[in-house]
Protein chains: 2
Amino acid sequence: MVAELIAVGTELLLGNVANTDAQIISQGLSALGITVLHHTVVGDNPQRLAEALETARNRADIIITTGGLGPTYDDLTKQTICKTFHRELELHEDILEDLKTWFQTKMGKKMPENNIQQAMLPVDCTIFDNPVGTAPGCAFVEDGVHVLMLPGPPFECRYMFEHRAAPYLEKLTDGVIVSHEIKVFGMGESAVEEALHEPMTTLTNPTLAPYAKTNECMVRATARAESREKAEELLTPLVREVCETLGDVVYGVDVGSLEEVVSGLLAERGLTLAAAESCTGGLLSKRMTDLPGASKVFRGGVVSYVNDVKANVLGVPREVLEQYGAVSGETARAMAEGCRRVCGSDLAVSLTGVAGPERDDWGNEVGTVYAALAGPEETICKKLTCGRGRGRDRVRTAAASNALDLIRRFLLKLPL
Amino acid sequence: MVAELIAVGTELLLGNVANTDAQIISQGLSALGITVLHHTVVGDNPQRLAEALETARNRADIIITTGGLGPTYDDLTKQTICKTFHRELELHEDILEDLKTWFQTKMGKKMPENNIQQAMLPVDCTIFDNPVGTAPGCAFVEDGVHVLMLPGPPFECRYMFEHRAAPYLEKLTDGVIVSHEIKVFGMGESAVEEALHEPMTTLTNPTLAPYAKTNECMVRATARAESREKAEELLTPLVREVCETLGDVVYGVDVGSLEEVVSGLLAERGLTLAAAESCTGGLLSKRMTDLPGASKVFRGGVVSYVNDVKANVLGVPREVLEQYGAVSGETARAMAEGCRRVCGSDLAVSLTGVAGPERDDWGNEVGTVYAALAGPEETICKKLTCGRGRGRDRVRTAAASNALDLIRRFLLKLPL
């Protein structure tokens, strides 16, 4: 089955926001085994939306629109779709009541008259009720084409796709689709593709597809079968094969981010972490504390951006800073050890390096970073080259990710 | 003039990445006064790309493609465009030499054979050389339609649009287009729209348009005139009017981020800053150090995620933590004062609050955050409500932005 996404909103054409709805829905469709061949964006303009719908109905089995379901005069998606597909809109009294209640309880005010429009839905449709916003979505079938309408705000769109559209679409596909995600750090997408070239290009069910992410990549194995058990039977040997081929760069299957995996490993062992950051300036700590409940494993840390803070707060000896410089293995080690001491953690990680845009006064190139990890028995240190000349942001992100991977490898006793 | 953007890449249709190139280019086109009516995304498929090009040439004056300029077999943009517009590709020996040099110096290896493709460009085109990657872009005119090709990786696309495509397009428009950006923090987009409803809906030249950003918003004033001077004459009174209407929520005109403005204010005054962070876990420090040369004004800080670190590293009295709790004005003040002392900075800012997803043990709601700022003479403190129930990430981002705005207001002696 082929799907086409049509986003409606002048704010997208002005570059006010990126079309992240298309990304979220495309990921979900891919996991359902539904092929997406086109994304289109049009403004809040009924004529151009109608043209896009006409084009889409001639080449897709499923059309999913995002946006234009709001209460204002320029929200025209439902009206235009109904006109194009010759359907009437009808008022749903129960939705209107829900809307009124929503305004009273969540916003503490009376529903504006305009919002009545949101209780108007196409005749004979499947209603997608929206617990995270005011605009319900809906779906209908016309001439074998499924038309789904979802709200535009990304938070609502994600919720409505996952909890309303995906279950609706799942019923349209034969059997079940199951997929597993193999997460990789420390091996580029092209190297992964090369290593898995054979199964990626020849398999049809299950399939194997690579996804590049910032600083890491992911391989998704997907199988279609008449039951979940049968699908898992197809997937188990493939996932095992991928993990064996790629080796210890695989940091998990169906896991969250690298920081989530590291937090889990620390929690399993009852260990706490602290971080001393120079070039990353707080990014690593920020990532560790992105996770709810982070305080169980993460105690905090020191952003020692200037040498005085390295010396005074972390106790890095002035001689070390003078003899080896701030960007050195010696300083990284002293930062990690000092951080472990002042934060009272079991482990402490440190990062010091050149984020750029210019090399430092000691002649270290942009991207040169030292990561150290201090534990009760030893301190390990690794010299890294981060970011490959792609700018300050990439250097810092790569440095933080490498520090997380260093902790993972240390805890799992893998080669550093 | 009307432009249409066509992004080429199966990774977009799989949801692997969002089409941020379209956002960047749309913003730039909007600033040039060029109207965008469609964004289209197709995969690495010559037939569907050809169809998209045929459609676009019939409804747009300018077609900009992104992606598909790489060296691999599925990078087909140039070939497909040339076929559609009946042009030949020719080898450019000088580009080939540049490519070989790039590989030798930046990658330390010989150029792979495949990359020869990147030195092939349409006959009679304007070449956009690419100093930030391997794929040059180009532009040509056919039947009055301008076709521009830019590389897909966002970092390269942004650079190539700003430095190559925008100057090319500027020459196509009548006269000059000048715009100014009025940056706002602390007033929502809808309130801004309400305050500026009259000029936003009635003006035609200059125009005024609002843009929502995470936690803040921006108003862009744009004028078209025969010369820069005439355009500025149209803009000056309008920008002044907007600033007067909105008041001190305007943090700058044509400035960078809030953190850049704060860094500038600190630098002008010769002051240094440090940050003590609890709920934001390093985000504020990370944002201050996103900027190159941050060490001139930012010394570092302490991520005091657990109470022990607040007490032991920052010297927050245990009695304060026990009596008022970690999320309190008293703790925020003690954190800021302690941070100023240990980091040896002129000013220190602190944040402590509930990022969620659950309220804390003391019954503080998610989004309750205290920000304090310690200086040589006094410590000020402000209780904030951040994120409006939109999740942990929003609470933390809003908290960090509010702390930056607190510093701005303190330095400019504005009401807190």
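Note: hydrogens, waters and symmetry copies are ignored here, and every other heavy atom, side chains too, is used. Here is how names work: the chains are called A, B, and so on, in the same order as the sequence lines, proteins then strands, and each is numbered from 1.
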Using distance alone, with no hydrogens and no angle criterion, decide if Ser278(A) and Lys310(A) have a side-chain donor and acceptor under 3.5 Å apart.
yes
For Ser304(B) and Glu277(B), does a side-chain donor sit closer than 3.5 Å to a side-chain acceptor? no
When Val316(A), Asp308(A), Leu314(A) are each screened for side-chain contact (heavy atoms from CB on, under 4.5 Å) with Asn312(A), the one that passes is Asp308(A)
Quick check: are there more than 12 heavy atoms from other residues, nucleotides or ligands sitting under 6.0 Å from [atom1] of [X]?
| X | atom1 | result |
| --- | --- | --- |
| Asn58(A) | CG | yes |
| Arg59(A) | CZ | yes |
| Glu194(A) | CD | no |
| Arg220(B) | CZ | yes |

Only pairs of heavy atoms separated by less than 4.5 Å count here; which of [options] has the most with chain B?
| options | answer |
| --- | --- |
| Ser26(A), Gly300(A), Ala3(A) | Ser26(A) |
| Val309(A), Leu37(A), Val342(A) | Leu37(A) |
| Gly293(A), Gly281(A), Gly282(A), Ser345(A) | Gly281(A) |
| Ala276(A), Ala7(A), Pro292(A) | Pro292(A) |
| Gly15(A), Ala52(A), Ser285(A) | Gly15(A) |
| Leu284(A), Thr35(A), Leu12(A), Thr10(A) | Leu12(A) |

From the list Val36(B), Leu5(B), Leu13(B), the residue making the most non-hydrogen contacts under 4.5 Å with chain A is Leu13(B)
Select one option (side chain, backbone, both, neither) describing which atoms of [X] are under 4.5 Å from chain A's heavy atoms.
| X | value |
| --- | --- |
| Arg299(B) | both |
| Leu291(B) | backbone |
| Ser30(B) | side chain |
| Ala31(B) | neither |
| Pro210(B) | backbone |
| Thr272(B) | neither |

Under 4.5 Å to a heavy atom of chain B? For Ala294(A) that would be both
The reported gap from NE2 in His39(B) to CG in Asn19(B) (rounded to nearest 0.5 angstrom) is 7.5 Å
State whether Arg396(A) and Asp290(B) are salt-bridged, where the test is any N-O pair (Lys NZ or Arg NE/NH1/NH2 against Asp/Glu carboxylate O) under 4.0 Å. yes
